[in-house]
Amino acid sequence: MLRALFISLSESRWLRAVAEKSILGRRVSTRFVAGPELEDVLRATKLINQNGATVSVDNLGENVTNAEEARASAQVYHRLLDAVSSQGLQANISLKLTHMGLDVDESLARELVSGLVAKAAALKSFVRVDMEGSPYTQRTLDFVHQLHRCPGNQDAVGTVIQSYLYRSEKDVNELLAAGIRIRLCKGAYKEPPEIAFQNKSDVDANYVKLMKTLMTSGIYHGLATHDERIINEAKTFATREKISPNTFEFQMLHGIRRDLQQQLVKQGWRMRVYIPFGTEWYPYFMRRLAERPANVFFIAKNLFRS
Ligand SMILES: Cc1cc2nc3c(=O)[nH]c(=O)nc-3n(C[C@H](O)[C@H](O)[C@H](O)COP(=O)(O)OP(=O)(O)OC[C@H]3O[C@@H](n4cnc5c(N)ncnc54)[C@H](O)[C@@H]3O)c2cc1C
């Protein structure tokens, strides 16, 4: 129930406007967000790299309502790719198609994302197209398949699959047939029982099933989860099937289970941390509360302490 409540609050435009402008809101957002500026995320990336993990940077924002906003967010990603390259950081980028104007003008989104993938390809970097709610699933997959087919883009673009969707096994098979890199996650949105598993045990079981398909595919994928039981299952499976630790990576979110992130690095597994930055933190932050409502109490406790 709390998960559903936080997810519906995450969609409130009014609350978003109030929260993102308030000083208190900006203070609590630092629990999961590197900071408002590009320099904040570059600093956080450097630190994570020094600790042996790579990074994927997310310029926060989604569902922009005009072309100027979409162009501005693409520009931020261009600056980000340049800075990552010139500073020799180990980081790629993650973006949302609705942040690139998908709801405003699909051809504009295509132009902006193609430009970023071309730049990433030239810099030997990578663009991960995040997966949003189910109204965008097919459009995102079509978009990524098309981008991936363009000459030069093969190693520069990939997408995300959510194990809570019934359709994901079929989507995985189609992406693998095209040679597209996948980040596997459980899924962060509220989806109805007609299209998505509702019980955690079913979502987890589907995650493990898809995870094993990815790990034996011969393509480099990301396993995005903080679920220690699933991570242990991946490690055991890799050891048993003689899958090299260099052929896939674990991925976690900035500020969540740092202990486990460090432990995996020390054990010789590849680890990538997803670091968001920017001023439009509200929907992202509320989805993190939805995943673990107990976060509300930790955040409140820390506020009173400081
Ligand atoms: C790198 C990365 C990229 C992602 N990209 C997408 C995407 O493109 N689309 C999408 O729909 N979802 C995305 N997600 C979110 C994902 O779908 C889940 O909502 C999120 O990862 C929580 O699920 P879990 O696998 O950690 O397992 P859960 O079963 O939710 O949690 C397992 C354990 O992890 C810890 N944990 C999980 N979440 C939190 C939290 N917020 N705060 C504190 N502890 C927590 C707790 O210890 C919990 O018991 C991404 C996640 C990661 C790690």
Side-chain angles (χ1 to χ4, degrees), residues 2-4 6-7 10 28-29 31-33 48 53-58 60-62 91-99 126-137 140-141 143-144 158-165 167-168 171 181-191 195-208 210-211 221-234 248-261 263-264 270-276 281 283-299 302:
L2 274 176
R3 178 172 190 269
F6 281 117
I7 290 180
S10 79
V28 297
S29 70
R31 171 73 181 80
F32 301 120
V33 175
I48 298 279
T54 55
V55 165
S56 193
V57 180
D58 170 33
L60 285 167
E62 47 203 86
N92 61 30
I93 60 172
S94 289
L95 58 79
K96 289 182 174 50
L97 293 183
T98 64
H99 199 195
F126 183 78
V127 176
R128 177 78 62 184
V129 179
D130 284 347
M131 190 55 80
E132 303 180 63
S134 56
Y136 299 103
T137 311
T140 303
L141 292 169
F143 206 101
V144 171
T159 191
V160 180
I161 287 288
Q162 299 152 324
S163 74
Y164 63 19
L165 292 184
R167 59 176 288 165
S168 287
D171 294 336
R181 284 165 59 176
I182 297 170
R183 170 201 294 150
L184 182 63
C185 68
K186 291 188 188 177
Y189 300 82
K190 175 97 190 91
E191 302 294 359
I195 60 167
F197 297 110
Q198 304 294 305
N199 293 331
K200 177 173 162 50
S201 56
D202 293 328
V203 177
D204 289 359
N206 199 35
Y207 190 105
V208 171
L210 298 177
M211 172 182 93
H221 300 294
L223 305 177
T225 183
H226 315 90
D227 190 325
E228 216 164 337
R229 193 188 60 76
I230 292 184
I231 290 169
N232 285 336
E233 194 150 347
F248 68 97
E249 63 187 30
F250 290 109
Q251 298 186 351
M252 292 191 208
L253 301 176
H254 176 67
I256 300 181
R257 293 301 313 263
R258 287 193 186 103
D259 56 332
L260 190 52
Q261 295 176 15
Q263 196 190 95
L264 288 167
R270 288 193 176 192
M271 177 76 233
R272 186 177 298 275
V273 182
Y274 181 106
I275 314 187
W281 50 266
Y284 177 88
F285 180 82
M286 294 304 278
R287 287 196 294 274
R288 302 296 78 81
L289 296 189
E291 284 154 5
R292 194 159 177 265
N295 280 334
V296 175
F297 302 110
F298 287 116
I299 288 166
N302 287 338

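Just follow the structure's listing: the first ligand is 1, and inside any ligand the first atom is 1.
For ligand 1, none of its N or O atoms has an N or O atom of Q251 under 3.5 Å away. Of the N or O atoms in D204, none lie within a sub-3.5 Å distance of an N or O in ligand 1. Residue Y274 has no N or O atom closer than 3.5 Å to an N or O atom of ligand 1. Geometrically, ligand 1 and Y164 share no nitrogen or oxygen pair separated by less than 3.5 Å. Not a single N or O atom of F32, backbone or side chain, sits closer than 3.5 Å to an N or O atom of ligand 1. Ligand 1 has no nitrogen or oxygen under 3.5 angstrom from a nitrogen or oxygen of M252. Ligand 1 has an N or O atom lying under 3.5 Å from an N or O atom of M131, backbone or side chain.
The atoms of ligand 1 that sit less than 4.0 Å from any heavy atom of V160 are 7 (C), 8 (O). Every atom of ligand 1 with a heavy atom of Q162 under 4.0 Å away is listed here by number and element: 9 (N), 10 (C), 11 (O). Taking every heavy atom of K200 and a limit of under 4.0 angstrom, the matching atoms of ligand 1 come to 29 (O). Shown in contact with D130 at under 4.0 Å from a heavy atom are these atoms of ligand 1, numbered in order with element: 8 (O). Heavy-atom proximity to Y189, at under 4.0 Å, picks out these atoms of ligand 1: 11 (O). The contact set between ligand 1 and G187, taken as ligand atoms under 4.0 Å from a residue heavy atom, comprises 11 (O), 16 (C), 17 (O), 19 (O). Close approach of ligand 1 to A224 is summarised as follows: ligand atoms under 4.0 Å from at least one heavy atom of the residue are 1 (C), 2 (C), 52 (C), 53 (C).
Of the options E291, R292, R288, the smallest heavy-atom separation from atom 22 (C) of ligand 1 is shown by E291. With L253, T225, I230, I275 as candidates, the residue nearest to atom 24 (P) of ligand 1 on a non-hydrogen basis is T225.
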Exercise. Evaluate side chain to side chain contact (heavy atoms under 4.5 Å, CB included) for L97 paired with L95, printing each intermediate quantity in order.
Key: CA-CA 7 Å; L97 293 183; L95 58 79; 4.2 Å; yes
Exercise. Would you please test S94 and R183 for side-chain hydrogen bond (donor to acceptor under 3.5 Å, both in side chains) and show each step?
Key: CA-CA 11 Å; S94 289; R183 170 201 294 150; 2.9 Å; yes
Exercise. Step by step, work out the side-chain hydrogen bond (donor to acceptor under 3.5 Å, both in side chains) result for E132 and T140.
Key: CA-CA 8 Å; E132 303 180 63; T140 303; 5.5 Å; no
Exercise. Begin with the C-alpha distance, continue with both residues' side-chain angles, and end with the deciding distance and a verdict on salt bridge (charged side-chain N to carboxylate O under 4.0 Å, His left out) for D204 and K186.
Key: CA-CA 7 Å; D204 289 359; K186 291 188 188 177; 2.9 Å; yes
Practice problem: Kindly determine whether E249 and Q251 satisfy side-chain hydrogen bond (donor to acceptor under 3.5 Å, both in side chains), including the steps that lead there. | Solution: CA-CA 6 Å; E249 63 187 30; Q251 298 186 351; 2.7 Å; yes
Quiz item: Taking it one step at a time, do D130 and Y274 satisfy side-chain hydrogen bond (donor to acceptor under 3.5 Å, both in side chains)?
Solution: CA-CA 11 Å; D130 284 347; Y274 181 106; 2.6 Å; yes
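Nearest protein heavy-atom contact of atom 6 (C) of ligand 1 is C185 SG, 3.9 Å. Atom 32 (C) of ligand 1 has D227 CA, 3.8 Å as its closest protein atom, hydrogens excluded (heavy atom only). Looking from atom 33 (C) of ligand 1 to the surrounding protein, the closest heavy atom is H226 O, 3.8 Å. Protein heavy atom at the shortest distance from atom 5 (N) of ligand 1 is R183 NH1, 3.1 Å. Here the heavy atom of the protein found nearest to atom 23 (O) of ligand 1 is K186 CD, 4.2 Å.
Under 4.0 Å is where a charged nitrogen must lie from a carboxylate oxygen, and between D227 and R257 no such pair does. In this structure, E291 does not pair ionically with R287, as no charged nitrogen and carboxylate oxygen lie closer than 4.0 Å.
Remark: atom 29 (O) of ligand 1 lies closer than 4.0 Å to at least one protein heavy atom. For atom 48 (C) of ligand 1, the protein comes within 4.0 Å by no heavy atom at all.
Of the heavy atoms in R272, none comes closer than 4.0 Å to ligand 1. Residue contacts with ligand 1, taken as heavy atom pairs separated by less than 4.0 Å, involve I256 solely via side-chain atoms from C-beta onward. For E228, no heavy-atom contact with ligand 1 is shorter than 4.0 Å.
By the 4.0 Å heavy-atom criterion, K96 is excluded from the residues contacting ligand 1.
Aromatic pair F32/F285: ring centres closer than 6.0 Å.
Judged by distance alone, the side chains of E191 and S134 do bring a donor and an acceptor atom under 3.5 Å apart.
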